[in-house]
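Notes follow once the structure below has been shown.
What you see below is based on every heavy atom in this structure, not just the backbone, and it leaves out hydrogens, waters and symmetry mates.
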Number of protein chains: 2
Amino acid sequence: MSAIRVLIAEDQAMILGALAALLAGEPDLAVCARAANGRAALLALTAERPDVLVTDIEMPEMTGLTLAAEARARFPATQVIILTTFARPGYLRRALEAGARGYLLKDRPAAELAEAVRRVHRGERVIDPELAAEAWASDPDPLTERERQILWRAGEGRSSAEIAAEVHLSEGTVRNYLSEAISKLGAANRIEAARIARQKGWL
Amino acid sequence: MSAIRVLIAEDQAMILGALAALLAGEPDLAVCARAANGRAALLALTAERPDVLVTDIEMPEMTGLTLAAEARARFPATQVIILTTFARPGYLRRALEAGARGYLLKDRPAAELAEAVRRVHRGERVIDPELAAEAWASDPDPLTERERQILWRAGEGRSSAEIAAEVHLSEGTVRNYLSEAISKLGAANRIEAARIARQKGWL
DNA sequence: ACTCGCCCGTGACACTTGTCATGCCGGCGC
DNA sequence: GCGCCGGCATGACAAGTGTCACGGGCGAGT
């Protein structure tokens, strides 16, 4: 009986190393690769085809949520666990929609990580129960994928023209999406809209 | 020759466990206790008198910085290492004033933690070199009080007119201050300026 | 086949924002 | 006294932003 092969994606190098050390202590688990961002994780997925992917959400290059969706689509044999600081219902909802099988908080005891890896590998779901209840009660993400993508860039300080170039759209269209997002969120401008969306976990 | 005894303080349980696992892999180090907040760390210090204390900054009950100062005053034999996410020069300065011997970022490779523990135990200082340079070289806060006051509000999403009303200035003047702040920070617009200022700890 | 939602685009308009030239005033050094 | 600089203010202009009306295409459901 061979060990469960795990890929860890986490942008803070020391935490990445520490998590790897944590799982290395379990005889039935093996950390087959590590990645410091979403893009590197995709490469590692292709090369290693691990049984389980454990990923943070907030990473450079590609967030853990889009990584989860990519992984789901291209490597369905790999189960995804989101491991994050943030107990935002919006994150959980999007994680589940992206096909994640587990959602774990960094607040939880260390032992739960190894246990979660085993359980998703058996095909079970592992969701923080407190968070699951809260997620059901909260209002759903009103933003479309495009709106989120564009609002995120606007929140970083990019201009409409810059965003248009980045996502290959016309500037007018970008302004339309922003206008739509602003009105959906009841904000007065793109800055406030980005702030609200971030706080609700929709970015 | 006995192992170096280490106390770890960190509020995120999983990270705490992972860091402990990381140090447990080093034969010359021993994690003698763990604490989930500053108050618990003080109790553990009293009970265990460890050689080295590794602590996060942002914790409930008592921050790592005040914990460092307390430890320095009451247990001078224990050397303190601050381990944090934030590369803010202001934090580093306060950490050193509190008597910390090490300041390490969670961004750094995992191997550096064990090495840092050994070095502070030998009486050396361990300061992230990048951060040390930045802390001394960085022009301390180019913003005037007015600029800060106004840029902060702009970062919250308020318009120039709203800000003008709040601080009893003309709208044109508000725009002038913002323009000045934007150029001082090398930003392209108020959003980016606010982001940069926040990141540098100037807001 | 039809509607509905999301996607993408255009053009026009009013408003906001960023920049610049210009000025007043009070403190500071010489 | 004099120049000089930093804080504060104004007005004017160009560029960027938010809104609206309107158009097209595509896929999912009824």
Any pair counted as salt bridge (Lys or Arg N to Asp or Glu O under 4.0 Å), so long as it reaches residues 170-179 of chain A, sequence neighbours left out: A/E171-A/R175
Any donor-acceptor N/O pair, B/D51 side chain to B/R5 backbone, under 3.5 Å: yes
Across nucleotides 16-22 of chain D, 5' to 3', mark each nucleotide with B, S or - according to how protein heavy atoms within less than 4.0 Å reach it. -BBBBB-
Phosphate-side-chain proximity, B/S170 and D/dA9, N/O vs OP1/OP2 below 4.0 Å: no
Could you tell me whether A/R118 and A/E115 make a salt bridge, using a distance below 4.0 angstrom between a side-chain N and a carboxylate O? yes
Do A/I4 and A/V52 come close enough that some side-chain heavy atom pair is under 4.5 Å? yes
In whole Å, what is the span from the CG atom of B/L151 to the P atom of C/dT17? 13 Å
Can a donor-acceptor pair be found, under 3.5 Å and without considering hydrogens, that links the side chain of A/E147 to the backbone of A/L143? no
How bent is the helix from C/dA1-D/dT30 to C/dC30-D/dG1, comparing axes over its five end pairs at each side, to the nearest 10°? 30°
Find the distance between CD (B/E156) and CG (B/L151) and round it off to the nearest 0.5 Å. 10.5 Å
For B/I182, all residues meeting side-chain contact (heavy atoms from CB on, under 4.5 Å), sequence neighbours excluded: B/A187, B/R190, B/A193
Show me the protein contacts with nucleotides 5-8 of chain D, counting only N or O atoms at under 3.5 Å.
{"residue": "D/dC8", "atom": "OP2", "partner": "B/Y177", "partner atom": "OH", "Å": "2.8"}
{"residue": "D/dC8", "atom": "O5'", "partner": "B/Y177", "partner atom": "OH", "Å": "2.9"}

Output the rounded distance in Å from NE2 (B/H168) to C1' (D/dT10). 19 Å
Sub-3.5 Å donor-acceptor pair from the side chain of B/T144 to the main-chain atoms of B/R146, do we have one? no
Pair B/R74 + B/E70, salt bridge at N-O below 4.0 Å: yes
Protein-nucleotide distance (A/I163, atom CD1; C/dC8, atom P), rounded to Å: 14 Å
Residues forming a side-chain contact (heavy atoms from CB on, under 4.5 Å) with A/R108, sequence neighbours excluded: A/L105, A/E112, A/D128, B/M14
